Amino acid sequence: MRIDILTVLPELLKSPFEHSIMKRAQEKGLLEVQVHPLRKWAVNEYGQVDDYQYGGGAGMVMMCEPLVKAIEELSKERKYDEIIYLTPDGEKLDQKMSNTLSLKENLLMICGHYKGIDERIREHFVTKEISIGDYVLSGGELAAAVLVDSIGRLLPGVLNDETSALFDSFQDNLLAPPVYTRPEDFRGWKVPSILMSGDHKKIEEWRHEQSLQRTQDRRPDILDQL
Ligand code: 6GU
């Protein structure tokens, strides 16, 4: 999968994909992330990409021209399956959406800033608008990083048996069960004996029960989706 990201803050998106699973996904050639500084398509020599909003009011709006130039230039290289605008008024991201997006070949993500982008870009170029939750961030960059991570780890071959996504929370509309490692007794707090039993069938049953219980206690709303 190839993911292009348009941003006024490219520095903010340097590190998130240089570690751990995202790093490995790129090294394996399964994921390619390219961050593009929007100011490359600025309207003047001062690097301007935003302007005052019509009708008045505080806050700048990202202009049509730099965004369209960027989108059209990048679209010459590849056909995008989705042009995604990260925005707090978008559709809320969930595991199902990440699963769906992980099947695509080329994604273009636009990070909003200030008051957002000119509405005409949303109408004529953007194909999908995504929010990562009901709270406000200063810009779309951290949301884009979240989205790339959640998609990237689902690409076939990125995760191995040890890190398998099959048992992640949410993957089957259940939260993950509790996990333990050495020592067996820490300050008198013991690991559940079933996990030490060596009975794999029993252990799987226990984990499933724990998942169900945990989901009932903490997120009954996702159980309803079953
Ligand atoms: Cl995608 N952008 C911003 N600025 N804030 C958010 C968001 C996105 N998702 C949740 N809050």
Side-chain angles (χ1 to χ4, degrees), residues 1-19 21-22 25 31 33-42 47-55 57-64 66-68 70-71 74 80-104 106-155 168-170 175 218-219 221-222 225:
M1 168 181 284
R2 160 88 180 207
I3 300 177
D4 291 282
I5 307 177
L6 281 171
T7 171
V8 290
L9 293 175
E11 293 296 313
L12 200 49
L13 286 169
K14 266 209 169 133
S15 174
F17 315 122
E18 288 175 358
H19 308 275
I21 291 169
M22 290 304 105
L31 174 66
V33 182
Q34 193 66 251
V35 178
H36 307 271
L38 186 64
R39 292 194 203 283
K40 191 175 150 190
W41 293 276
Q48 187 182 356
V49 293
D50 59 337
D51 210 335
Y52 298 100
Q53 54 176 316
Y54 281 121
M60 308 292 274
V61 174
M62 288 167 70
M63 304 169 78
C64 285
L67 284 167
V68 168
I71 293 167
L74 295 175
Y80 290 105
D81 299 296
E82 300 281 5
I83 298 182
I84 298 168
Y85 175 44
L86 282 308
T87 177
D89 60 2
E91 187 184 346
K92 211 190 291 179
L93 178 66
D94 60 14
Q95 193 62 33
K96 182 160 169 272
M97 198 191 293
S98 292
N99 285 338
T100 303
L101 288 171
S102 74
L103 301 173
K104 309 288 184 186
N106 299 301
L107 299 177
L108 177 58
M109 299 184 187
I110 301 170
C111 303
H113 253 271
Y114 322 111
K115 283 280 161 188
I117 65 175
D118 191 297
E119 186 68 17
R120 290 166 290 188
I121 299 297
R122 301 174 68 160
E123 284 172 10
H124 299 288
F125 290 91
V126 169
T127 61
K128 196 167 183 60
E129 302 186 324
I130 299 176
S131 160
I132 63 163
D134 291 341
Y135 43 84
V136 179
L137 302 169
S138 311
E141 283 77 13
L142 296 181
V146 166
L147 184 56
V148 170
D149 189 297
S150 77
I151 294 170
R153 61 199 303 289
L154 294 172
L155 300 175
D168 285 347
S169 284
F170 297 106
L175 301 182
R218 302 179 182 199
R219 294 296 305 276
D221 57 303
I222 64 172
Q225 294 169 15

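All ligand and atom numbering here is 1-based and tracks the order in the structure. In this text, all values refer to a predicted model and were calculated from it rather than measured experimentally.
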Chemist: Is the shortest heavy-atom distance from the side chain of Arg153 to the side chain of Met22 under 4.5 Å?
Modeler: yes

Chemist: Hey, mind stepping through Arg120 and Asp118 against salt bridge (Lys or Arg N to Asp or Glu O under 4.0 Å) and telling me if it holds?
Modeler: CA-CA 5 Å; Arg120 290 166 290 188; Asp118 191 297; 2.8 Å; yes

Chemist: What protein heavy atom lies closest to atom 9 (N) of ligand 1? Include the residue and the distance to one decimal.
Modeler: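 Looking at atom 9 (N) of ligand 1, the protein heavy atom closest to it is Ile132 N, 3.0 Å.
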
Chemist: Is a side-chain N or O of Tyr85 found less than 3.5 angstrom from the main chain of Ile117, in a donor-acceptor match?
Modeler: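 Between the backbone of Ile117 and the side chain of Tyr85 there is a qualifying donor-acceptor contact (under 3.5 Å).
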
Chemist: Under 4.0 Å, counting heavy atoms only: does Ile130 come that close to any atom of ligand 1?
Modeler: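 In this structure, Ile130 qualifies as a contact of ligand 1 - some heavy atom is under 4.0 Å.
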
Chemist: Please say whether Gly140 places an N or O atom under 3.5 Å from an N or O atom belonging to ligand 1.
Modeler: no

Chemist: What protein heavy atom is closest to atom 4 (N) of ligand 1, reported as residue, atom name and distance in Å?
Modeler: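 Sorting protein heavy atoms by distance from atom 4 (N) of ligand 1 puts Leu137 O, 3.1 Å first.
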
Chemist: Please work out which of Ala144, Ser138, Gly112, Pro88 has its closest non-hydrogen atom nearest to atom 2 (N) of ligand 1.
Modeler: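 Checking each option, the heavy atom nearest atom 2 (N) of ligand 1 is found in Pro88.
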
Chemist: Give me the residue, atom name and distance of the protein heavy atom closest to atom 6 (C) of ligand 1.
Modeler: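 Residue, atom and distance for the closest contact: Tyr135 O, 3.6 Å.
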
Chemist: What residue and atom, counting heavy atoms only, is the protein's closest point to atom 1 (Cl) of ligand 1, and at what distance?
Modeler: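 The protein heavy atom lying closest is Thr87 N, 3.1 Å.
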
Chemist: Compute the minimum heavy-atom distance from Gly133 to ligand 1 and say whether it is under 4.0 Å.
Modeler: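 Right, Gly133 reaches ligand 1.
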
Chemist: If you measure from each non-hydrogen atom of Asp134 to ligand 1, which part falls under 4.0 Å: side chain, backbone, both or neither?
Modeler: neither

Chemist: Could you tell me the separation between the SG atom of Cys111 and the CG atom of Leu13, rounded to the nearest 0.5 Å?
Modeler: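 Answer rounded to 0.5 Å: 5.5 Å.
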
